[in-house]
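Only heavy atoms go into these numbers, but all of them, side chains included; no hydrogens, no water, no symmetry mates. Each chain gets a letter, A, B and so on, in the order its sequence line appears, and its residues count up from 1.
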Number of protein chains: 4
Amino acid sequence: MSNTEKKPIRLGMVGGGEGAFIGEVHRFASRLDGAYELVAGALSSTPEKARSSGEALGLAPDRIYDNFEQMATQESARADGIDAVAIVTPNHMHFAPAKLFLEHGIHVICDKPLTSNLEDAKALYEVASRSDALFVLTHNYTGYPMMRQARQMVANGELGNIRLVQSEYVQDWLTEEADNKQASWRTDPKRSGAGGSIGDIGTHAFNLSCFVSGLEVESIAADLQSFVPGRQVDDNAHIMFRFSGGARGTLWCSQVAPGNENGLRLRIYGDKGGLEWAQEDPNFLWFTPFGEPTRKITRNGPGAGEAASRLSRIPPGHPEAIWKVSPIFTAKQQPPSARLVRAPKLIQWCTSPRSRMG
Amino acid sequence: MSNTEKKPIRLGMVGGGEGAFIGEVHRFASRLDGAYELVAGALSSTPEKARSSGEALGLAPDRIYDNFEQMATQESARADGIDAVAIVTPNHMHFAPAKLFLEHGIHVICDKPLTSNLEDAKALYEVASRSDALFVLTHNYTGYPMMRQARQMVANGELGNIRLVQSEYVQDWLTEEADNKQASWRTDPKRSGAGGSIGDIGTHAFNLSCFVSGLEVESIAADLQSFVPGRQVDDNAHIMFRFSGGARGTLWCSQVAPGNENGLRLRIYGDKGGLEWAQEDPNFLWFTPFGEPTRKITRNGPGAGEAASRLSRIPPGHPEAIWKVSPIFTAKQQPPSARLVRAPKLIQWCTSPRSRMG
Amino acid sequence: MSNTEKKPIRLGMVGGGEGAFIGEVHRFASRLDGAYELVAGALSSTPEKARSSGEALGLAPDRIYDNFEQMATQESARADGIDAVAIVTPNHMHFAPAKLFLEHGIHVICDKPLTSNLEDAKALYEVASRSDALFVLTHNYTGYPMMRQARQMVANGELGNIRLVQSEYVQDWLTEEADNKQASWRTDPKRSGAGGSIGDIGTHAFNLSCFVSGLEVESIAADLQSFVPGRQVDDNAHIMFRFSGGARGTLWCSQVAPGNENGLRLRIYGDKGGLEWAQEDPNFLWFTPFGEPTRKITRNGPGAGEAASRLSRIPPGHPEAIWKVSPIFTAKQQPPSARLVRAPKLIQWCTSPRSRMG
Amino acid sequence: MSNTEKKPIRLGMVGGGEGAFIGEVHRFASRLDGAYELVAGALSSTPEKARSSGEALGLAPDRIYDNFEQMATQESARADGIDAVAIVTPNHMHFAPAKLFLEHGIHVICDKPLTSNLEDAKALYEVASRSDALFVLTHNYTGYPMMRQARQMVANGELGNIRLVQSEYVQDWLTEEADNKQASWRTDPKRSGAGGSIGDIGTHAFNLSCFVSGLEVESIAADLQSFVPGRQVDDNAHIMFRFSGGARGTLWCSQVAPGNENGLRLRIYGDKGGLEWAQEDPNFLWFTPFGEPTRKITRNGPGAGEAASRLSRIPPGHPEAIWKVSPIFTAKQQPPSARLVRAPKLIQWCTSPRSRMG
């Protein structure tokens, strides 16, 4: 009975037309709990494709838009206009629609990274701060139940004082020059922004490191590299961190490490214990209280607590994937902070609240 | 764009009210691709609970029924009546509603096991054979992409002649006398039928063994046991098989093996190679051509073929769970045999077709 | 300082000449702690090979024998004659030398299985019972520290009443007709005895099941098969057990399961907890107290006790292999029972004492 | 028949008396193949302990020495004097005995690290260059068969041009202030030298990185930390490398990461493939040719070649540990380069030849 609200949230989408990857994933996630209804879309920058994509999704003809500006104007004028918009475009197209929908008072669910440059990010922060609408950034991996469990255990002091935060996100799909839609925009600095692997996947590892540890970074040393000849953005990065309070850590992201599909991994150690987790086997969290045997904590199994079960739908032992944005959409989720409780109907989205932009 | 049909299938549900487990899982699965719309329900045998459960799910008041007989009669009389019904009750309540809805020409999606005794199973087979409606049994694990991959590899001869099929489904949640709704009916022969662990989980291991190997059993030797004092059904079973054609195998199911959550595992060996798979890590299939190194085949990764990708929604490396009944509901799925192509709108359900009942 | 005895035990060997496998492994094991000195041998049934093998090992010319009868006679007559003999021949050549050396008062370390038929086994038991010399059977896997740990935990009641003992020993090297020395005698009933896989490897799984659980078998149901055309002994066996006291279990051994090298695995469950162990990753033991997270107990790590550390030489984290017979030879080992304390110098051998033959 | 030389090498030992760790491991390794015989020792800096330790090991009374100077003088004067000496003292005591024995023409097998400061290392290099005796440094992990396999595969071009070398060696035993012999000298800069974790374990990870990749480091950025209050040496280090030819990599070593025993791990990636290996599961090497499924290569199994089998004693599937210095002592080993073939009897030691000091 996860859909405790009888009226689903009316959702629009920018991007996500035929051939897109992340837009479809957002749609899977939006349907799962029955809490959203996709009713409008500016699904492609090519009007014909926007139309055919909208029709394939069964949108009403008058709510299939040629561009996001049109959608923002018309939807905000309707009595039954969208409550929220999901922005699932390449990085360079996050800022403009996010700003516009916020200015129209429509909540924004934006795929990461925030924007493709720092200037836009700061400007967006200003806009979001002035708006009554929420701005939500989908760092989806924080929605894994075992990442919530880890964060809770750190907060409870079960690891003691945190000393080390080791993260990595390693892939291999860009080992060679690739010629497909996903590779193309991700390696084009005009569309991806200055970052290659660092923006596409490193951002997730960094986000998890801070989310779970509760720490902030004080200084970094980084070595970025483009291994594939002709590549204009980094396809590998090594970063060393010094966190506030004395903890240290590293982040390794790569898209050129053959044998790795989505090797997102987090290891965190304090003076009382350690935790290890790997995204490709996400239902397990390995916990070692110093001087005791390592324990395998499973989602909803013994040893896992409320922080994990709040984001979980099924019993232990049944592998539970995370839909790219499911933590955001799940109706079970409680707001991480009181500052979010402004738009009750949207409470369940808010994994990465605006307040984290500050 | 998985929802290529603009009009979702209208779905009713028998069972699955407040406190139920499998009904909610069916609802998750039905929503994921947007191919179904839950519009009616007889959600509990207690009328008040049936009503409050239906309201919580947002059903129209006139389509919340006190019992399944009422639902069958009234829905079959409506122009916009349900196309299909999901039966998610305890085992002893599969037969009666399944029979009734088939007789009303409404397709039936029934949770396993088929019925709680052999007599009912045979009777249901007769009913289903005479009906134009489909009868679908949700042996959901066959919907895992890597089980499809395995079945395809066996069919392709990549393992040679099959010699051994080793399966197990091992849990621990009934190690002690349990006092909760799920344990209660599963250990009560009046509701679960004669089988305990063998009907609840052994049936999945058996189904997978046959589904992947393509073999039929010729003879068995079984040793069933009730370890927990006072338990009236088996909580552990060891079975040895002789398959047609000379292959052999075993099945072990248990609900009293501490440390196992949902240890469903299949290993199959032929004279040219072997395959191993474990449900708790379902995105990997381990393949060894005899005399060569073992290979890790990943969902949608190199080495995986079309049989796997048809049932998969996301790229490799992003763990993809299987919703309890998702293979049945997925709009991507093709019919396993031509005999199913009678109700085109329902093609996508038919993992375990009526023909397998024969 | 493991060699606390300054005078090593004088060892002879029957079998183990050029091209042999297990004889060399016995020699590795005998050297490791410096507790044995190989001084005599009847290393092959071919005198020339016996001689060249003995020379290659640096034996004195007068202690290289043409046959075991000669060795028994002459060594028992020497003042500095061998204290013990290791019998490392094919199965059919265990009985005669074992009987002879026992009759000469020389301790016998015999590779498994005991003999190649039951009649010989009973006769050997009589001989061993009358002899002052020890008879030691090298069921070496009981020497793994984590198997000692497991046995101790069962004995301590940490698993409660044992309900299930699941064992398997699975290989693939005989998947096809093989033409080499090791395969040749193992598939020839004249040399291996009636058992194929069951005698070669099944015996280890069975031994471990009893060693760790402390249970005795009451009745069995077995299905043996020879899959490879023309093979005269079993290459696969499925066995179901009923143990005294009500526990049940299975044993699967196979030499035709592609992808398995030495898949010896033991899982044991009681009403309070469960244990799992795999020989190919022998330094870890997985323990689940019912209702708590699974723990990874490591050799010499936290959670492992004295029973394990007695048979271990190095700290945790450094993988420690078990030489085929090392538990028998290790000077650290204490006698499993007081009945063994008859030949103090040999105490350290006695993993599988004669008393278990009864 | 690994001992093809009838006369074992006569070995002396400096350090390794009662309570020592690494000395005993050297003794295990020296015995395994029967190629060495321990005949002399200066086993402790405390004469009484040196004597009782030597007696416990069964050394002749006149070859138990009070100090290494005495042993060098007297052994080099004997006709049956030691051929080689194993130096197994704390780091600060490597230089003086190594220098002295080399000057006496006795081969030196020295535990890592080379010396406790750079000045001594350079001086030792000069001495070794002028000596006819060999200087051998026991970076033992290079003796794992699968590390030889990896190195061969890199040399064969199976990974293409190497881009990334990621290594780590992570432990937890110094998470808190420890009070035992092993911890004591390792955290005392007077005895361990300037390095803590970096010299004790980081040196192994670095050695493996270069050994397998064949690359040399051009520049580094390192961040060392002492987390435990009062600790005078590093207990954690993060290092970024730029290798000659453009490859990059990192090394993480730590002794304060709870849950890690001896987490030595190497991952290496080129433009054609990747390799992954972990010391705690050393018999497996994971190889991914880009665009193909990952393969599990096992020691002596299909896919493993001669480079691995040369250093292996037993068939696949039987876990084979590496004794701390076994690669050095094994009689099977061939010299890595022609420059070593000066002292034929010692060829089999030379994993880390003097030439690598240059």
If you take all heavy atoms of Gly303(B) and Pro293(D), which pair is closest and at what distance?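 Closest approach of Gly303(B) to Pro293(D): CA-CG, 4.0 Å.
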
Pro302(D) and Gly291(B): which non-hydrogen atoms are nearest, and at how many Å?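 What the structure gives for the nearest pair is CB-O, 3.1 Å.
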
I need the Trp286(D) CH2 to Thr294(B) OG1 distance, nearest 0.5 Å.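 Answer for the CH2-OG1 pair, Trp286(D) versus Thr294(B), is 7.5 Å.
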
Look up atom NZ in Lys296(D) and atom CZ in Arg295(B), then write down how far apart they are to the nearest 0.5 Å.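 Here the interatomic distance stands at 13.5 Å.
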
